[in-house]
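Numbered from 1 within each chain, the chains take letters A, B, ... in sequence-line order.
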Number of protein chains: 2
Amino acid sequence: MNLKQLSHMLALSQTTVSRALNGYPEVNEETRRRVMDAAKRHGYRPNPSARRLATGKTGMIGYVLPTGAAVEIDPHFVEFLSGLGDYARSHELDLVLSPADADDQETTYRRIVANRQVDAVYISSPRPVDRRVALLNTLGIPFIVHGRSEGFGFDYPFTDIDNEGAFHEAARLLIQLGHRRLALINGDDRETFAIHRERGMRRALTASGLTLGERHICSVTMTEENGYRAARRLLEQSEPPTAIACSSLIMALGVVRAVRDLGLTIPGDLSLIAHDDVFPWLRPENFSVPLSTTRSSIRLAGARVAERLAARISGLEEGARGEVWPVDLVVRGSVAGAPV
Amino acid sequence: MNLKQLSHMLALSQTTVSRALNGYPEVNEETRRRVMDAAKRHGYRPNPSARRLATGKTGMIGYVLPTGAAVEIDPHFVEFLSGLGDYARSHELDLVLSPADADDQETTYRRIVANRQVDAVYISSPRPVDRRVALLNTLGIPFIVHGRSEGFGFDYPFTDIDNEGAFHEAARLLIQLGHRRLALINGDDRETFAIHRERGMRRALTASGLTLGERHICSVTMTEENGYRAARRLLEQSEPPTAIACSSLIMALGVVRAVRDLGLTIPGDLSLIAHDDVFPWLRPENFSVPLSTTRSSIRLAGARVAERLAARISGLEEGARGEVWPVDLVVRGSVAGAPV
DNA sequence: CGAAAAGACCAAAGCGCTTTGGAAGACTCT
DNA sequence: AGAGTCTTCCAAAGCGCTTTGGTCTTTTCG
């Protein structure tokens with residue numbers, strides 16, 4: 001059932017039927033009802049390929065997926081995706097993932113824009129002065145950054161959490177509890193979120209006349225193993241930290257294992273706070289010692305990004321508004337006063 | 001730069017240029033070279049929307065993503081996706097995720113087929129007599145099932161691992177080590193993979209005159225917490241198992257925690273084998289006691305599924321061939337002889 | 001040598017929608 | 001009553017590609 005058949009059946013022109021269906025004003029309300037009715041009854045659905053060719057609109061949002069043998073898409077992505085899907089579903093938006101060589105994403109971005117394959121895209125895990133942001137800005141396709149980039153000569157729309165504030169609060173709490181030697185096990189420090197977390201922590205330390213020495217900071221891919229290694233390195237120093245802030249729950253698993261291997265205890269010998277993106281399959285309250293966290297649902301962020309993309313596509317949102325979500329600090333058993 | 005311009009520039013018809021570019025035989029080789037050359041020089045790329053409308057081919061593969069507040073997409077998905085992306089990238093295939101209400105995926109499948117939104121789709125986490133398989137079979141779109149379904153009046157193409165064989169081997173090993181009371185912490189037993197694993201284990205037990213009692217089997221969503229709970233339930237019985245087979249590494253984390261909470265040890269009091277899908281961020285060799293596993297890379301499976309989909313799209317693969325990959329049994333420190 | 005076959009190319013008709021540029025009739029207003 | 005204005009609808013021209021159904025020229029072969 002296509003437009004031609006439908007309009008013939010209604011003894012109307014394709015023009016009128018098309019307009020009736022798409023809510024244009026220049027059509028009699030009575031006629032519109034008739035059309036709507038017939039369309040529903042016959043299950044007419046406009047062919048998206050045809051519509052695409054005519055309008056350029058695709059009803060899809062895009063994401064360039066970095067791939068390659070050495071590239072690991074981490075589990076955060078899937079949780080973000082869930083949120084995105086939650087929103088997208090109710091708006092019949094599809095998501096297209098375009099796999100790209102991790103070292104040359106630009107080609108793919110250019111392709112999907114030139115080909116008009118999607119109406120909007122989002123970017124995740126941005127770095128400071130991220131080339132993708134600059135690129136999309138010049139290409140002129142609607143986009144949202146999940147996270148933040150910095151230091152451009154222009155503004156851009158983003159949705160981010162207050163990583164700096166979160167880790168500032170976490171560090172402040174630890175300091176209040178008497179800790180003097182804090183350490184940070186961070187994610188990849190080429191990414192903005194990691195830089196912000198470090199900055200937040202440093203700010204809290206400085207305010208109390210403390211510092212975050214080179215020896216007390218690690219920056220690694222967020223795997224269990226790297227968490228373990230980092231913790232061992234930190235704790236086997238001559239002056240080990242008495243508290244650690246950790247950028248992910250998965251790494252925190254490794255930290256806990258290291259602590260145990262070294263015959264230490266949490267929170268007796270070490271206080272631990274980790275960032276929790278809220279995975280359904282790994283909860284901080286279920287750690288052997290319930291884990292204190294800075295918490296922010298990455299799933300909700302996904303839904304929000306989808307919502308904003310939809311708004312931008314339909315022209316409801318414009319400009320470069322950035323939003324920063326606060327992060328909860330949730331205190332559980334893994335923090336205590338510094339050992340004497 | 002579109003076809004019209006290009007052909008005008010070459011003083012050829014659109015027909016000839018199109019055919020030259022698409023490798024049709026009825027064009028002079030000399031002419032073809034000229035065309036190819038000009039196309040490359042001017043960076044001509046056929047507009048996919050137009051091509052789509054004309055041919056119905058999209059260059060995309062589809063996946064219906066179940067969503068909803070209660071639905072958790074698990075981390076296996078992202079790893080599978082990585083593999084899919086690895087292959088898809090080299091073939092300029094994109095992947096479109098269509099979010100659907102988890103309870104009504106059929107509507108979405110019908111939509112993407114009716115609209116010709118993708119050239120092929122894949123299905124994951126199939127159940128026995130999975131309605132999606134039956135549906136896609138009647139809808140007549142190329143598809144591959146990742147996993148297996150059972151009991152149709154027709155065959156279908158799938159790529160699966162030998163779940164039954166894997167858990168059969170695992171159980172056999174445990175029995176050889178003298179264990180008599182085995183337990184299984186399984187995934188959702190409405191899914192085929194879980195049924196196969198149980199079947200494999202049962203087969204091994206039966207062969208030795210043993211059984212898998214109702215009290216020794218759990219079937220839960222694969223989260224850390226559920227692993228913990230299941231293990232507690234099993235181990236606090238009057239006649240607790242001396243060995244557990246577990247369907248995922250994430251649940252195994254919970255098992256290890258439970259064992260520790262109960263003051264038991266691995267492998268002294270309990271032998272543990274888990275299935276490992278090979279996540280880069282959580283490795284069995286890094287468990288406090290290195291974990292024995294049945295291992296099969298889900299990422300490789302993703303690449304294979306993409307490859308087969310591509311083959312089916314281009315007509316290189318036909319029929320209902322199913323393939324079953326063997327699973328490695330990797331023995332590490334978490335298994336030992338049964339306690340006396 | 002003449003007929004048939006093969007080779008190389010093209011004009012034009014789709015694919016199914018949106019949108020432009022009217023046109024016809026009804027209504028208002030002076 | 002005639003000019004102007006709405007309201008409501010339509011024919012046809014795109015969007016940029018593929019493909020059908022030729023035509024014209026050259027080659028092959030009995």
Side-chain angles (χ1 to χ4, degrees), chain A residues 1-36 38-39 42-60 92 111-119 313-315, chain B residues 1-36 38-39 42-60 92 111-119 313-315:
Chain A
M1 168 64 63
N2 58 21
L3 185 60
K4 193 170 179 179
Q5 292 165 33
L6 183 64
S7 55
H8 187 256
M9 168 170 295
L10 284 161
L12 284 170
S13 74
Q14 295 188 35
T15 311
T16 304
V17 176
S18 172
R19 302 209 128 133
L21 258 23
N22 292 324
Y24 281 66
E26 58 260 84
V27 47
N28 190 318
E29 275 312 317
E30 153 81 34
T31 313
R32 188 192 303 280
R33 249 191 306 278
R34 261 182 62 220
V35 173
M36 294 286 224
H42 295 83
Y44 168 76
R45 308 266 291 158
N47 177 318
S49 300
R51 169 176 272 170
R52 238 173 109 144
L53 181 57
T55 63
K57 293 286 178 195
T58 64
M60 306 201 190
E92 284 215 5
R111 187 194 90 209
I112 64 181
V113 171
N115 288 348
R116 312 228 133 151
Q117 300 202 124
V118 295
D119 296 337
I313 290 171
S314 57
Chain B
M1 169 65 63
N2 58 22
L3 185 60
K4 193 171 180 180
Q5 291 166 32
L6 184 64
S7 55
H8 187 256
M9 169 169 297
L10 284 161
L12 285 169
S13 74
Q14 295 190 35
T15 311
T16 304
V17 175
S18 172
R19 302 209 127 134
L21 258 23
N22 293 323
Y24 281 66
E26 59 260 85
V27 47
N28 190 317
E29 275 311 316
E30 152 81 35
T31 313
R32 189 192 302 280
R33 247 192 308 278
R34 261 181 64 220
V35 172
M36 295 286 224
H42 296 84
Y44 168 76
R45 307 267 291 159
N47 177 318
S49 300
R51 168 175 273 171
R52 243 174 102 146
L53 181 57
T55 63
K57 293 285 176 196
T58 63
M60 306 202 199
E92 284 215 6
R111 187 193 90 209
I112 64 180
V113 171
N115 288 349
R116 312 228 132 157
Q117 299 201 130
V118 295
D119 295 337
I313 290 172
S314 56

Closest approach to the side chain of [X], judged atom by atom: which nucleotide of [options] is it?
X: A:Tyr24; options: C:dC17, C:dT19, D:dC17; result: C:dT19
X: B:Tyr44; options: C:dA8, D:dG21, D:dC17; result: D:dC17
X: B:Leu53; options: D:dT18, D:dG16, D:dT20; result: D:dG16
X: A:Thr15; options: D:dC17, C:dC9, D:dA11; result: D:dA11
X: A:Asn2; options: C:dC9, C:dG16, D:dG16; result: C:dG16
X: A:Ser13; options: D:dT18, C:dC17, D:dC10; result: D:dC10
X: A:Arg19; options: C:dC9, C:dT19, C:dT18; result: C:dT19
X: B:Asn28; options: C:dC9, D:dT18, D:dT19; result: C:dC9

Can you name the closest pair of heavy atoms from A:Met1 and A:Tyr44 and give their distance?
->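 Here A:Met1 and A:Tyr44 meet closest at O-CD1, 3.4 Å.
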
Taking any heavy-atom pair under 4.0 Å as a contact, classify [X]: base, sugar-phosphate, or nothing.
X: A:Ser49; answer: nothing
X: A:Arg52; answer: nothing
X: B:Ala20; answer: nothing

Whichever of A:Gln14 and A:Glu29 has its nearest DNA chain D nucleotide further upstream toward 5' |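 On the 5' side of the pair lies A:Glu29.
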
Taking [X] for the side chain and [Y] for the main chain, is one N or O donor matched with an acceptor at less than 3.5 Å?
X: A:Asn47; Y: A:Ser49; result: yes
X: A:Asn22; Y: A:Tyr24; result: no
X: B:Ser18; Y: B:Gln14; result: no

Please determine if a side-chain N or O atom of B:Ser18 lies less than 4.0 Å away from the OP1 or OP2 oxygen of D:dT18.
->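 Checking D:dT18 against B:Ser18, a side-chain N or O does come within under 4.0 Å of OP1 or OP2.
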
Which whole-number value in Å describes the distance from [X] [atom1] to [N] [atom2]?
X: B:Leu12; N: C:dA11; atom1: CG; atom2: P; value: 10 Å
X: B:Lys4; N: D:dT18; atom1: NZ; atom2: C1'; value: 16 Å
X: B:Leu3; N: C:dA12; atom1: CG; atom2: P; value: 16 Å
X: B:Leu10; N: C:dA8; atom1: CG; atom2: P; value: 17 Å

Min side-chain heavy-atom separation A:Leu21-A:Met36 under 4.5 Å = yes

